[in-house]
Amino acid sequence: MRRSMTRIADYEFLEELGEGNYGVFWRARPPARLGLTAPYVAVKVLHHRSHQQGYDRMANELRVYHAAASPHLVQIYDAGHEDGTIFYASEFSETGSLAQAANSLTRSVKLRCIADIARGAHALHEVGLAHRDVKLSNMMLFDGTAKLGDLGLAQILNPGQQSTGMGSVGSLAHLAPETIRGEKAGRASDVFALGVSLHSLLCGASVFPGLDGLSLRDAFVFMLQPTTVIHPSLSESEARLVAACVAVDSADRPSTADEFARKVELLASAVESVDGQTS
Amino acid sequence: MTSPLDEVRCAVLPGDGIVGRWPGGLIVVVGGPVLLDRFFDGIDASGLEPLVERARTIDWAGKGGGYLAVIDRMDGLAVEGGGDCDLVLRDRRLSAADAPAAVADPSLIEAVLDRRRTVPTVGSDLPVALDGALGLERGLVPGAGVRLISTWRAPSLPTPAIAEPPSPPIAPPTKAHAIVTEQPSLPDGTQIDASVRSARTFEVFTITEPLENEPAPLPMVSESFGRATEEPAELRQQVVVQGIMCPNDHFNHPRSRICVTCGTSTDEASLELVRGFRPILGYLVLDDGTSYQLNQNYIIGRLAIADEGFVPISLDDDGISRRHARIELHGWDVALIDGDSMNGTRYQTPDSELWSEATAGRPVVLQPGSRVDLGGRRTFTFEAVYRIDAQ
Ligand SMILES: Nc1ncnc2c1ncn2[C@@H]1O[C@H](COP(=O)(O)OP(=O)(O)OP(=O)(O)O)[C@@H](O)[C@H]1O
Ligand SMILES: [Mg+2]
Ligand SMILES: [Zn+2]
């Protein structure tokens, strides 16, 4: 039934961009009422219908997200539901996510992008929101900069929900141990996920290869005290930063996403000065 | 060929409800946004038939809504309806229940509208009706009813004008929208009948609306590490239980063999029982792979909503009752309670093939790894995070 969708509300779907853990993204034409000049928007249609409480909580989250107003956040234009099916419309990226574009970027651009993303996350933290779903596929590339998008709404719509089962256990790699123990997501859990993303963007491999092939239950237990394997292609300072981010004790991580961003920018400058000398 | 009904002018009255008109028939459905949401749930709104069929399946009594349809049956106009929608004839006003099953001629009908509305007078209440701004020729628009004006003779409708999506005066006071879309007409200019248009209702909220509370930054990581802080009371339960401390001072299940927080063996731990906040006990893992943290009670049901002290897990399945089962945390135990469900709740311990029936209202303590079956429709497993010795 979903595959045959051609629209939601007054959005006309043009192409399916892909399906994630809790919804499907469409490239769509925006309705005139939004007054946008952009020809396309990315519309997310959530899989699970919600009850009123969940819907109201989501409305509040998205308004706060909007209030964060950072150039490093994918802008959200509109949200609502049609017959109980929830959707929201956001800025469309022609180049897709960092997961898709990774191979075409230089190391220095990759580092600059992750720093942008961390600034976006920090802006959310400063208005009281945790992103909860920081990973490469939620980092959109725009003309050399990156913006964090696709706020994790699963736990907002379904409190207590930890995983949605649509993805592989590999996506649990982004869950900080304290979140698995039941603590609320916050700055530290997003910083954990930033470190995991930085590692996989730089080398294409997971920093927790031990997760591979585990059952969901064993994956949860593994992530309570994950065994970290940092890829040899990372520089010593890159490796140190990743290791600090994925520390089990959140007090050992960079204390804010902004601090993480500054450290990544230093790494980028280091790479750029080496490039400058060799060329 | 053309029905006399198609020659009538239809002026839509602003208000809560939906007015639909296609060649040979019209329907008015009235009621609040919630009722209408339910009415349109999963419906194909591209023609009259599905709307009439849906309306028939609803028991309108006491819901504050209703419907009335007028359909050309060749030998006259058939009328049907239910609930709070009235048929106004030249000489009298009748509720849907009292309306005649047939009317000879559309010129006898003045209006079809919400019971709570008065019939507007053309010219004063409906000043723009005659210039067409409120006219509905074909499609589905929001409105609390229609005023039929049969003195105005429309040319027959070989190429009907598009029913404009109603502009401000007609939009109902809620943020509900209705849109009417049209498929391209065939190259020779003829239109595809019945499914020419589809109409849907949706609602958007304003993302830029000022926030109720001034947003406050998230707390910094502090000494409070390891303890759940400032959790919203309705979502988390701070429950004190007895347990043991691992060599690194993490609180654990009294029979746990390795520490949940640091992985250290608890063999050398002090076996003295101490009191602490209950940590997460594990997860409910549903058959579709979704998982829920066991640090709170859950109510599981078809479109479940929160109950005092229970967080809903909503499953969209007709075989599952509204309050099918509950999961309650008692100390270190995870208990399953059937909520007197229609199709029952069964459970299976990990080392057994046998399924046992849960008695309504009687808690059953689940062993880690136990499976639970809800009405033969959905299953889930209780996975504990701690590893404990068998008793
Ligand atoms: N704003 C956007 N512009 C362009 N492409 C987008 C945009 N947002 C998402 N996409 C693409 O849509 C696809 C599906 O995204 P989706 O969020 O559903 O899956 P995901 O990111 O893998 O998982 P998750 O549900 O956890 O976010 C991804 O490939 C993503 O790159
Ligand atoms: Mg995504
Ligand atoms: Zn410990």
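So you know, we letter chains A, B, ... as the sequences are listed, proteins then strands, and number each from 1.
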*Got a second to check how far A:F220's CZ is from B:I280's CD1, nearest 0.5 Å?*
8.0 Å

*Atom CG of B:N295 and atom NZ of A:K184: how far apart are they, to the nearest 0.5 Å?*
12.5 Å

Quick one: does [X]'s side chain have a donor or acceptor within less than 3.5 Å of a partner on [Y]'s backbone?
{"X": "B:Y283", "Y": "A:I180", "answer": "yes"}
{"X": "B:Q293", "Y": "A:T179", "answer": "yes"}
{"X": "A:R63", "Y": "B:P210", "answer": "no"}
{"X": "B:E209", "Y": "A:N60", "answer": "no"}

*Using non-hydrogen atoms and a 4.5 Å limit, figure out which bit of B:T381 sits close to chain A: side chain, backbone, both or neither.*
neither

*Is it the side chain or the backbone of B:V260 that comes within 4.5 Å of chain A heavy atoms, both, or neither?*
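It is both, since atoms from each part get that close.
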
*Under the side-chain contact (heavy atoms from CB on, under 4.5 Å) rule, collect the residues that match up with A:L62, sequence neighbours excluded.*
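With neighbours one apart ignored, the set is A:M58, A:I76, A:A79, A:Y88, A:L151, A:L153, B:F205, B:I207.
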
*Test side-chain contact (heavy atoms from CB on, under 4.5 Å) on A:V221 and B:E383 and set out the steps.*
CA-CA 10 Å; A:V221 171; B:E383 301 289 5; over 6 Å; no

*Look at atom CZ of B:R323 and say whether more than 12 heavy atoms of other residues, nucleotides or ligands are closer to it than 6.0 Å.*
no

_If you apply the rule side-chain contact (heavy atoms from CB on, under 4.5 Å), what do you find for B:V204 with A:F87, and how did you get there?_
CA-CA 9 Å; B:V204 291; A:F87 67 90; 4.0 Å; yes

*Among A:A188, A:A59, A:P177, A:S255, which residue forms the greatest number of heavy-atom pairs with chain B at distances under 4.5 Å?*
A:A59

*Given the options A:R253, A:H125, A:R187, A:E126, which has more heavy-atom pairs under 4.5 Å with chain B than any of the others?*
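Heavy-atom pair counts peak at A:R187.
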
